[in-house]
Student: 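Pasting a structure below so you can have a look.
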Amino acid sequence: MTPFARKVYKIVLSIPIGQVRSYKWIASKAGRPAAARSVGQILKQNPYPLFVPCHRVVKANGGLGGYRWGKKTKQRLLELEKEISKAILITKKGKR
DNA sequence: ATCATGACTAATG
DNA sequence: CCATTAGCCATGA
């Protein structure tokens, strides 16, 4: 585990449910604005599968980006979380 | 130090 | 959507 990798995971962990960030954005936050590609390298190692929400990291142009277990899976997780966050909003609204 | 590898980016077709 | 090209960079051998 390198210092850069640690930063990347920490940042990815901070992405809220139902939201996404680009590899470039992560790279900048980690202090290496031009290391988007390296961010991908780090994420594919994914030491904590299903704990680090690496599926919330997408391409800068809006594309899906890659995923260790297939883009299809990534897409499904994102749509699922989108629904979940929507449900959370409804809950908050009705709760008062 | 050098070299190869990619879940990137931007531009082009 | 896909493929190619060039630039970019952390990482590991």
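In what follows, chains are A, B, ... by sequence order, proteins preceding strands, each numbered from 1. Side chains are part of it too, since the values below use all heavy atoms of this structure and drop only hydrogens, waters and symmetry mates.
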Student: Rounded to the Å, how far apart are A:Arg21 CZ and B:dA7 C1'?
Tutor: 18 Å
Student: Applying side-chain contact (heavy atoms from CB on, under 4.5 Å) to A:Val39 and A:Lys24, what does each step give before you reach the verdict?
Tutor: CA-CA 8 Å; A:Val39 171; A:Lys24 197 186 205 174; over 6 Å; no
Student: Does this structure show an ion pair linking A:Lys82 with A:Glu79, if we count only N-O contacts that are shorter than 4.0 Å?
Tutor: no
Student: Grab the CD-P distance between A:Gln45 and C:dG12 for me, whole Å please.
Tutor: 6 Å
Student: Kindly say if A:Lys24 contacts the phosphate of B:dA10, meaning a side-chain N or O under 4.0 Å from OP1 or OP2.
Tutor: yes
Student: In this structure, how many angstroms lie between the P atom of B:dG6 and the CG atom of A:Asn46, rounded?
Tutor: 17 Å
Student: Please state how far atom CD1 in A:Ile26 lies from atom P in B:dG6, giving the value in whole angstrom units.
Tutor: 22 Å
Student: Atom CD in A:Glu81, atom CD in A:Gln19: separation rounded to 0.5 Å?
Tutor: 10.5 Å
Student: So, does A:Lys74 use its side chain to make a donor-acceptor pair with the main chain of A:Leu64 at under 3.5 Å?
Tutor: yes
Student: Whole Å only: how far is the CH2 atom of A:Trp25 from the P atom of B:dT9?
Tutor: 14 Å
Student: Holding to ring-ring contact (aromatic ring centres under 6.0 Å, His included), I want the full list of residues that pass it with A:Phe4, two or more places apart in sequence or in another chain.
Tutor: none
Student: For nucleotides 6-10 of chain C, print each protein N/O atom paired with a nucleotide N/O atom at under 3.5 Å, atom names and distance only.
Tutor:
unit_1, atom_1, unit_2, atom_2, d
C:dG7, O6, A:Arg37, NH1, 2.5
C:dC8, N3, A:Arg37, NH1, 3.1
C:dC9, O2, A:Ser38, OG, 3.0
C:dA10, OP1, A:Arg32, NE, 2.9
C:dA10, O4', A:Ser38, OG, 2.8

Student: Record whether the side chain of A:Tyr23 comes under 3.5 Å of the base of B:dA7 through a donor-acceptor pair of N or O atoms.
Tutor: yes
Student: Take A:Val57 and A:Ile15 through the side-chain contact (heavy atoms from CB on, under 4.5 Å) test and state the conclusion after the steps.
Tutor: CA-CA 9 Å; A:Val57 186; A:Ile15 304 175; 4.2 Å; yes
Student: Just the rounded figure in Å: distance from C1' of C:dC1 to CG of A:Asn61.
Tutor: 12 Å
